[in-house]
Undergrad: 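Mind having a look at this structure? Questions to follow.
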There are 2 protein chains.
Amino acid sequence: MEKGLKMTGQRRVIARVLSDAEDHPDVEELYRRASELDPRISVATVYRTVRLLEEKGILERRDFGGGRARYEVSEHGRHYHLIDVDTGKVLEFEDEEHEDLMRRIASRLGFELISMRLELFGRRIPEPEAAQTESKRSKAARGKGTRKA
Amino acid sequence: MEKGLKMTGQRRVIARVLSDAEDHPDVEELYRRASELDPRISVATVYRTVRLLEEKGILERRDFGGGRARYEVSEHGRHYHLIDVDTGKVLEFEDEEHEDLMRRIASRLGFELISMRLELFGRRIPEPEAAQTESKRSKAARGKGTRKA
DNA sequence: CTAATTGCAAAAAGTTTGCAACCAT
DNA sequence: ATGGTTGCAAACTTTTTGCAATTAG
């Protein structure tokens with residue numbers, strides 16, 4: 001099937017690091033993790049492997065800002081990302097309804113939906129604290145005047 | 001008023017290029033267009049201006065793949081992009097329903113939606129050219145598997 | 001065996017920055 | 001006048017690549 005691809009030790013290691021990853025590491029981070037498992041891997045190989053896997057549709061490149069590309073195992077837009085603008089943390093979520101809507105929209109425009117990318121940027125809404133006496137919510141609440149919940 | 005910002009000739013030119021742009025130019029392209037209006041502008045200034053405007057929320061940086069950052073006047077996620085995977089062309093569209101859905105999803109996760117980014121990747125579906133003759137429509141519509149770019 | 005793959009280091013590509021000259025305010 | 005701004009080139013950062021050595025199939 002595939003051309004003449006070889007399953008080398010390096011690729012095995014990188015593949016493992018990737019499938020073990022619960023986050024969205026950039027190349028530098030992949031390199032670091034891979035190096036732990038096998039110190040003789042070079043960055044160039046990580047770059048080459050990552051590019052190869054992306055071309056094959058196995059990996060998806062993400063851009064959450066910050067200059068470097070980040071990667072995750074491809075699920076063909078089956079889940080999305082919500083980035084907390086204050087902490088920079090990335091939260092994943094899915095939504096069947098959304099996927100259908102996208103397919104309809106693409107179709108309406110005359111396209112077959114192949115993949116998609118959705119990123120929401122939001123700010124945590126301070127929960128109506130039913131907790132203990134918390135008289136100082138100044139820090140969390142400090143922001144612009146308007147907010148809707 | 002803004003801090004101590006100056007409205008220089010260069011900024012005026014770059015601002016004009018940006019608001020005139022119907023597409024999503026990268027810095028190199030912005031530089032080229034700006035240079036036409038005023039040849040003494042340098043790339044560094046374009047980079048600096050673009051960064052400034054992004055920080056001020058006036059511009060939004062996009063990543064459609066291809067290494068360079070692309071820019072467009074900010075509309076706070078009021079429109080989205082459909083990238084034709086075969087031609088690389090970017091098509092814009094809006095969808096009220098979608099915006100509401102996103103707000104609901106963010107809210108469900110405990111976040112106030114601030115901005116979002118949505119990109120669809122799709123392949124053009126050859127339209128069964130139905131001018132007035134209804135007769136040849138059936139035949140053309142059957143070929144669901146017939147797809148070519 | 002031999003084409004694919006790797007490491008290394010050099011090079012490319014994209015973006016940022018130090019500094020002296022410059023120019024809106 | 002004077003502090004923000006610019007151009008230029010050097011510096012950085014991230015990613016790619018040429019080439020000889022290495023290795024999976």
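Values reported hereafter were calculated over all heavy atoms of this structure, with side chains retained and with hydrogens, waters and symmetry mates removed.
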Undergrad: Between R51(B) and dT5(D), does any side-chain N or O lie under 4.0 Å from OP1 or OP2?
TA: no
Undergrad: Given atom CG of L59(A) and atom C1' of dT15(D), what is their separation to the nearest angstrom?
TA: 16 Å
Undergrad: Give a yes/no on whether any side-chain N or O of Y47(A) is located under 4.0 angstrom from OP1 or OP2 of dT16(D).
TA: no
Undergrad: Is T8(A) close enough to dT6(C) that one of its side-chain N or O atoms is under 4.0 Å from OP1 or OP2 there?
TA: yes
Undergrad: Rounded to whole Å, please give me the gap between OH in Y31(B) and C1' in dT6(D).
TA: 12 Å
Undergrad: Roughly, in whole Å, what's the span from CG in D26(A) to P in dT13(D)?
TA: 14 Å
Undergrad: Select from R40(B) and V43(B) the residue whose nearest nucleotide in DNA chain C is closer to the 5' end of that strand.
TA: V43(B)
Undergrad: Is the phosphate of dT5(C), meaning OP1 or OP2, less than 4.0 Å from a side-chain N or O of R11(A)?
TA: yes
Undergrad: For R48(A) and dT16(D), what is the distance between atoms CZ and C1' respectively, to the nearest whole Å?
TA: 9 Å
Undergrad: Looking only at side-chain atoms of T45(B), point me to the closest of dG7(C), dG7(D), dT16(C).
TA: dG7(D)
Undergrad: Please tell me if the side chains of E112(A) and R103(A) come closer than 4.5 Å, counting only heavy atoms from C-beta onward.
TA: no
Undergrad: Taking for each residue the nucleotide of DNA chain C bearing the nearest heavy atom, is the 5' side occupied by A44(B) or by M7(B)?
TA: A44(B)
Undergrad: I want to verify a distance call: between dT5(D), dT15(D), dG14(C), whose nearest atom is closest to the A69(A) side chain?
TA: dT15(D)
Undergrad: Using side-chain heavy atoms (C-beta onward) and a distance below 4.5 Å, is E28(A) in contact with R33(A)?
TA: no
Undergrad: Mind calculating the distance between CZ (R61(B)) and C1' (dG14(C)) to the nearest angstrom?
TA: 11 Å
Undergrad: In whole angstroms, how far is the P atom of dG14(C) from the CZ atom of R32(B)?
TA: 12 Å
Undergrad: To the nearest Å, give me how far apart NZ (K56(A)) and P (dA4(C)) are.
TA: 13 Å
Undergrad: If you compare all heavy atoms of E94(A) against all heavy atoms of R108(B), which two are closest, and at what distance to 0.1 Å?
TA: O-NH1, 4.3 Å
Undergrad: Can you tell me how far C1' of dG14(C) sits from CZ of R62(B), to the nearest Å?
TA: 20 Å
Undergrad: I'd like to know if L113(B) and L101(A) are part of one continuous hydrophobic network [Ile/Leu/Val/Met/Phe/Trp/Tyr, side-chain heavy atoms within less than 4.5 Å].
TA: yes
Undergrad: Does OP1 or OP2 of dC22(C) have a side-chain N or O of Q10(B) closer than 4.0 Å?
TA: no
Undergrad: Got a donor-acceptor pair under 3.5 Å from the side chain of K6(A) to the base of dT5(C)?
TA: no
Undergrad: Any side-chain heavy atom of L30(B) sitting closer than 4.5 Å to one from I14(B)?
TA: no
